Structure formats: C-alpha cells, structure tokens
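This is a predicted model, so every value here is computed, not measured. Chain naming here is simple, since letters A, B, ... match the order of the sequence lines and numbering starts at 1 in each.
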Protein chains: 2
Amino acid sequence: MGASKTEHFSTEQNTIATLIKALSHPARVAIIEYLLKVDACICGDIVDELPLSQPTVSQHLKELKTAGLIKGTVEGTAICYCIDETAIAKLQSYFNHLAQTLEQKNNGCCG
Amino acid sequence: MGASKTEHFSTEQNTIATLIKALSHPARVAIIEYLLKVDACICGDIVDELPLSQPTVSQHLKELKTAGLIKGTVEGTAICYCIDETAIAKLQSYFNHLAQTLEQKNNGCCG
DNA sequence: TCGTTATATTGCAATATTACGATAAATAAA
DNA sequence: TTTATTTATCGTAATATTGCAATATAACGA
C-alpha cells in the first residue's frame with residue numbers, strides 16, 4: 001500500500017497527525033528553528049542556511065505552509081516567511097494535555 | 001532520492017524529528033491516545049481497537065517502541081505496552097520552548 | 001522592453017512508508 | 001508433546017517522500 005487509512009481515524013487524530021507530520025523532517029525542524037532564531041521573519045535566507053537545494057527548500061516550505069505552521073507574505077521579489085503561532089500553540093497544548101493526563105494516572109508500566 | 005540528508009542537520013534536530021515522526025501517523029496517535037485512556041497498560045487489545053490488521057498494528061507498535069515513545073513488557077503470551085513518559089516529556093518541553101520563545105519576540109509576521 | 005533576482009513548479013530517480021497475507025516464534029494450557 | 005493463543009517477522013504490492021536539475025513564473029530596476 002503506502003497510503004494511510006486516514007478515513008478510519010477520528011478527525012482530531014488526523015488533524016494532529018498532519019500537523020505533527022509537517023515537523024517530522026529535520027530540514028523542517030531546522031526551518032522552524034531558524035525562523036524562531038532570527039528576530040525578523042526572514043525570507044529566502046533559509047536556502048542559504050540549509051544544506052539543501054533551492055527547489056528542495058521551497059518544497060519543504062510549501063509543506064510547512066500547507067500544514068499551517070508558517071505563513072508567507074510577498075515582499076517585492078522576495079517572500080517573507082514566518083511561524084504561525086496558532087499551529088505551535090495547538091501542538092503545545094496537545095503535548096501538555098498528554099503529559100498532564102499521564103501524570104494524573106501514575107503510569108506504572110505493567111506493574 | 002527518498003532518503004533524508006540527516007547528516008547535514010544537528011543531532012538535536014534529528015532527534016526531535018525522529019521523535020515527532022513516530023507520531024506522524026493517525027494510527028500511532030490513536031495508539032498513544034488509547035494507552036493514555038485505559039488505566040492499565042493493555043496489550044493487544046490495541047489490535048481490536050484499531051481498524052488495521054494485526055501485522056500492521058504490530059509494525060506501528062514497533063516504530064513507537066524504537067522511537068522510545070512506548071515500552072513493552074512480556075506478560076505470559078501477551079505483551080503489555082505502555083507510554084514512556086520520558087519521550088512525552090521531551091516533546092512537551094520542546095513545544096513549550098517554541099511557544100515561549102515565540103511569545104517573547106512578538107512574532108508580527110512581516111509587519 | 002530586457003535583464004536580473006527570487007521563488008515556485010515540473011519531471012524524475014532513489015528510497016521510505018503503509019498495509020496485509022502468510023508464516024514463524026514463543027508461551028500457556030491440556 | 002500437542003494444541004491454542006498471542007505477537008513478531010517476512011515478503012510483497014501500492015503509494016508517498018525526498019532531493020535535485022531544469023525550467024517556469026513573478027516582480028523589480030534600468
């Protein structure tokens with residue numbers, strides 16, 4: 001196969017998996033961390049920053065954008081990318097929820 | 001290609017990407033949520049719970065285990081799986097860090 | 001208009017992932 | 001030992017992902 005049977009899972013499960021998947025590649029983690037590091041929301045310096053070709057970086061940016069993790073604004077010839085806080089907040093609250101629930105039920109594995 | 005150029009990224013970036021990747025499939029999200037829901041760390045009821053065949057579920061469990069998100073203990077014929085809190089804590093702190101850093105630098109995209 | 005710069009898209013090759021049937025391995029019970 | 005039960009592994013097909021060269025597109029300045 002190779003295709004996930006997404007239709008069998010809940011909308012919430014698919015939503016969170018999609019969001020998480022966008023960050024499941026070191027290049028995309030690096031992009032997010034770079035956008036976080038530079039104070040302004042720098043544009044295609046990302047290409048210079050990463051050890052990947054321009055088309056490859058462009059593709060990773062597209063994936064991040066599609067997933068809602070970053071936003072892009074046209075700025076003349078250049079395009080300015082920046083992190084979408086909403087998506088990060090969603091991920092943050094998801095993992096906080098997991099950790100919190102775990103803590104509450106003293107997760108002693110199989111006694 | 002198809003192979004990620006992991007060697008060009010930092011260890012930390014690869015580590016977090018690997019951990020995140022383990023959760024980038026709705027079935028694996030569902031497994032984690034199920035393990036969180038049931039109080040005891042139930043074993044192969046997961047197979048009954050998911051709309052996937054036993055070999056497929058076994059494969060997903062293996063991925064989660066390899067990534068360190070779950071632990072497994074032999075319990076007679078059965079195997080008892082449960083969440084590894086350490087991994088969840090790592091993810092939690094990573095996203096908390098992202099959100100916190102974002103907040104501190106009032107991320108007005110390309111204002 | 002033409003050239004330059006910045007980014008996106010296309011096309012393709014290499015590899016990875018997802019899923020499952022068949023089968024193996026391991027343990028428990030009879 | 002034999003049989004049933006549970007989980008893992010193997011083999012394989014379908015599909016997705018990663019990466020890049022080549023090319024297209026878009027916007028600016030001369």
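For the pair B/I70 CD1 and D/dA8 C1', the computed distance is 13 Å after rounding to whole Å. Taking atom CD of residue A/E63 and atom P of nucleotide D/dT17, one finds them 7 Å apart after rounding to whole Å. A/E7 has its CD atom 14 Å from the C1' atom of D/dT15, to the nearest Å. Here the P atom of nucleotide D/dT7 and the NZ atom of B/K65 are 12 Å apart, to the nearest Å. In this structure, A/L50 places its CG atom 13 Å from C1' of D/dG19, rounding to the nearest Å.
With hydrogens and angles disregarded, a donor-acceptor distance shorter than 3.5 Å links the side chain of A/S24 to the backbone of A/K21. A donor-acceptor pair is defined here as one N or O able to donate and one able to accept, closer than 3.5 Å; such a pair exists between the side chain of A/T18 and the backbone of A/N14. Side-chain atoms of B/D84 do not come within 3.5 Å of backbone N or O of B/K71 as any donor-acceptor pair. No donor-acceptor pair under 3.5 Å is formed between the side chain of B/K5 and the backbone N or O of A/L52. A/R28 contributes no side-chain N or O that, together with a main-chain N or O of A/H60, makes up a donor-acceptor pair within less than 3.5 Å.
For C/dT9, one of the phosphate oxygens OP1 or OP2 lies less than 4.0 angstrom from a side-chain nitrogen or oxygen of A/K62. At C/dA8, one or more side-chain N or O atoms of A/Y81 fall inside 4.0 Å of OP1 or OP2 (strictly under the cut-off). For A/K21, no side-chain nitrogen or oxygen approaches OP1 or OP2 of D/dA16 to under 4.0 Å.
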### Task
Report the C-alpha separation of B/L19 and B/T15 in whole Å, then their side-chain angles, then the decisive distance to 0.1 Å, and conclude whether the side-chain contact (heavy atoms from CB on, under 4.5 Å) test is met.
CA-CA 6 Å; B/L19 206 52; B/T15 303; 5.8 Å; no

### Task
Encode nucleotides 19-30 of chain C as B, S and - characters from 5' to 3', where the letter depends on protein heavy atoms closer than 4.0 Å: B to the base, S only to sugar-phosphate, - to neither.
BBBB----BS--

